[in-house]
Amino acid sequence: MRKVLGVLLALTCAVLVLDLARPSWTEPVRAASASVFTPVQQAIRGWDRDELDRVAAERDRLAVEVERLRGRQDAALAAGDLDLPGTAGLRPVGARVVAATPQTSPAGARVVTIDAGSRQGVRADRTVLNADGLVGRVLRVDPSSAEVVLLGDRSVVVGVRVGREGALGSLSATAPSEVPRRGADELTLTAIGDSPMSVGDVVRTLGSPGDVPYSAGIEVGTVTSVDPDSGQLAGTAVVRPAVDADRLDTVVVLTGGQRP
Amino acid sequence: MTRALGLTVRGALLLLGALAMSVAPRSLPGPPDLVLVAVAGTALLRGPWAGAGMGLAGGWLLDVVPPGAEPMGASALTYAAVGALLGLSRRYVAASPVVLPLAPLAAVALASLGVVMVRGVATAAGITEAGLVDLWWTWAATVLVAVLLLPPLTGLERWLAVRRWT
């Protein structure tokens with residue numbers, strides 16, 4: 001018993017190091033686990049809510065489509081009707097959040113599992129949103145499920161436009177040491193250049209060529225306060241996300257974009 | 001053969017706990033750590049080695065049940081250590097007749113605090129992020145669930161021991 005446990009602990013340490021050094025080598029384990037457990041999670045979540053979820057997903061899909069087209073129209077107007085290549089033909093795929101990383105995981109990222117995968121056309125690095133705004137991007141894809149890293153995870157940085165002027169900036173969960181400490185759900189907007197930022201400014205995604213990983217014009221949040229100049233290299237502000245990540249239910253994945 | 005039956009029963013308990021934690025509504029401020037309670041049920045009766053084994057298995061499930069945890073193996077090692085410590089506390093829990101009903105609960109409360117603090121330290125170090133309020137709620141919910149589940153879980157362990165399914 002003790003020898004077996006010792007061997008298992010040693011193997012676990014080896015896997016830990018391997019996952020840190022070469023995450024792709026442990027992907028088959030996660031893929032196999034997803035194929036086994038996700039159907040069970042879907043069944044648990046779907047026992048009493050199938051119809052409600054279906055209708056909610058459809059509502060969110062349509063609302064997202066309207067929001068996306070409106071944002072794209074605004075972005076096109078701001079850019080002088082510049083026609084970006086590769087942005088047409090995106091297809092929204094509705095999905096439901098079926099699982100999330102438990103709070104007690106020692107170093108767990110802000111990741112959720114959705115019940116749509118490669119069979120539904122979901123690919124890695126695609127934009128995920130709901131009726132309120134940007135949720136995150138697809139991290140990993142399995143045949144019938146996908147994992148989505150949420151806005152607010154430390155690994156997520158989003159290029160954005162701020163306010164009516166469309167000033168450029170980047171949005172992330174980490175803040176420079178010079179600025180006041182952020183709340184649990186607050187994000188830090190770092191401006192590029194000297195464009196002024198004001199409380200109430202709406203922050204939208206800048207977008208990427210081919211809409212990978214983020215499509216343009218999706219609402220991300222609202223500026224709630226602007227940090228005083230404390231010697232940071234660029235102007236910073238606090239942004240409250242448009243989406244409440246703790247109450248995620250149905251989401252939409254924008255599929256069909258092409259890697260640049 | 002009989003030992004395999006015991007392992008199957010405990011594995012099923014851990015799996016139920018890990019699945020329930022993964023599908024818990026995110027709107028809950030801090031869902032309880034069901035895996036830890038299951039580990040405690042075994043460790044407090046069977047000692048540090050069984051506790052470490054149970055913790056390792058439960059942590060692995062938390063690592064791989066989607067969306068899983070990163071890096072893979074970190075939860076397994078954390079829960080193995082906590083399971084071993086819970087098992088080491090067995091002699092002190094058994095030797096405190098005055099507060100006997102509360103001693104196992106206190107051990108689980110400390111163990112849960114340990115797990116939550118690992119996440120808190122990881123957050124402070126910038127490795128991950130977690131809300132302080134959510135962590136606090138997770139700890140409180142775990143203790144509350146332990147009040148309800150620990151007696152039947154330790155009863156199950158005794159039942160397995162009587163039938164030599166251990």
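In the text below, chain A, chain B and the rest are named by the order of the sequence lines, each starting its count at 1.
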task: Search all heavy atoms of Gly53(B) against all heavy atoms of Leu5(A) and return the closest pair with its distance.
output: CA-CD1, 3.6 Å
query: Using a cut-off of under 4.5 Å for heavy-atom pairs, which of Thr138(B), Leu135(B), Leu56(B) has the most such pairs with chain A?
result: Leu56(B)
query: Of the non-hydrogen atoms in Ala34(A) and Pro66(B), which two are nearest, and what is the gap between them?
result: CA-CG, 3.6 Å
- request: Quick one: pull up CG in Asp134(B) and CG in Asp185(A) and give me the separation to the nearest 0.5 Å.
  value: 8.0 Å
message: Once rounded to the nearest 0.5 Å, what's the spacing between atom OG1 of Thr101(A) and atom CE of Met21(B)?
response: 10.5 Å
- prompt: Can you say whether Trp60(B) sits under 4.5 Å from chain A via the side chain, the backbone, both, or neither, judging by heavy atoms?
  reply: side chain
- request: Heavy atoms only: give me the nearest Met72(B)-Asp19(A) pair and the separation to one decimal.
  value: N-OD2, 2.6 Å
task: Please report the shortest heavy-atom distance between Val98(A) and Val23(B), naming the atom on each side.
output: O-CG1, 3.3 Å
message: How long is the straight-line distance from CG of Asp153(A) back to CD of Glu70(B), given to the nearest 0.5 Å?
response: 8.5 Å
task: Using non-hydrogen atoms and a 4.5 Å limit, figure out which bit of Ala80(B) sits close to chain A: side chain, backbone, both or neither.
output: side chain
field: Closest non-hydrogen atom pair between Thr12(A) and Ala76(B), with its separation
entry: CG2-CB, 3.8 Å
task: Let me know if Leu132(B) has heavy atoms under 4.5 Å from chain A in its side chain, its backbone, both or neither.
output: neither
message: If you count heavy-atom pairs within less than 4.5 Å of chain A, which of Leu77(B), Leu62(B), Val116(B) leads?
response: Leu77(B)
- request: Pick one of side chain, backbone, both or neither for Val112(A), based on which atoms fall under 4.5 Å of a heavy atom in chain B.
  value: both
query: What pair of heavy atoms forms the shortest contact from Ser22(B) to Gln41(A), and how long is it?
result: OG-NE2, 2.8 Å
